[in-house]
Amino acid sequence: MAKHVVPEAKDALNRFKMEAANEVGVNLKQGYNGDLTAKQAGSIGGQMVKKIKPIRTLNFERKCRIVKGHKTSVRYAFSLTV
C-alpha cells in the first residue's frame, strides 16, 4: 500500500482493492497477503487500473482523401477518467 495515501482515503482504497480481487477471483484477506503469487497480485492491480482509467480504441477504414479509390485505416485511442 502506498505510504502517501490520505488517511481518509485509505479505507476506500482497501475496499476498492478487495473488490478488484473478488472480480478476478483472487482470495485476498485483510492484512498481510505475502502468500500471493506475482500473477495474482498483478491481476488485482491490473483490474484496479482498468476501472480507474479505461482506454478505448476505435478502428475503421475510410476513403483516402489524397488518392482516389484508396482506403486508409484510422485508429483512435482515448481514455475515460472516472
Table please: side-chain donor-acceptor pairs of residues 28-36 below 3.5 Å, with sequence neighbours left out.
{"unit_1": "Lys29", "atom_1": "NZ", "unit_2": "Asp35", "atom_2": "OD1", "d": "3.1"}
{"unit_1": "Lys29", "atom_1": "NZ", "unit_2": "Asp35", "atom_2": "OD2", "d": "3.3"}
{"unit_1": "Asn33", "atom_1": "OD1", "unit_2": "Lys29", "atom_2": "N", "d": "3.0"}
{"unit_1": "Asn33", "atom_1": "ND2", "unit_2": "Lys29", "atom_2": "O", "d": "2.8"}
{"unit_1": "Asn33", "atom_1": "ND2", "unit_2": "Gly31", "atom_2": "O", "d": "3.0"}

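- Considering only residues two or more places apart in sequence or on other chains, Glu19 meets the side chain to side chain donor-acceptor pair (under 3.5 Å) condition with none of them.
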Exercise. Using the side-chain contact (heavy atoms from CB on, under 4.5 Å) rule, take Lys71 and Arg62 through it: C-alpha gap first, then chi angles, then the decisive distance, then the call.
Key: CA-CA 5 Å; Lys71 291 185 178 182; Arg62 65 168 172 78; over 6 Å; no

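- When all heavy atoms of Ile44 and Ala20 are compared, the pair lying nearest together is O-CB, 4.0 Å.
- Taken to the nearest 0.5 Å, the OG1 atom of Thr72 stands 14.0 Å off from the NZ atom of Lys63.
- For the atom pair CE (Met48) and OG (Ser43), the distance works out to 11.5 Å, reported to the nearest 0.5 Å.
- A distance of 12.5 Å separates NE2 in His70 from CD in Glu61, rounded to the nearest 0.5 Å.
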Quiz prompt | Candidate pair Ser73 and Asn59, rule side-chain contact (heavy atoms from CB on, under 4.5 Å), full reasoning | solution = CA-CA 7 Å; Ser73 295; Asn59 297 307; over 6 Å; no

Exercise. Give the intermediate values and the outcome of side-chain contact (heavy atoms from CB on, under 4.5 Å) for residues Phe16 and Lys51.
Key: CA-CA 10 Å; Phe16 180 47; Lys51 292 237 175 213; 3.9 Å; yes

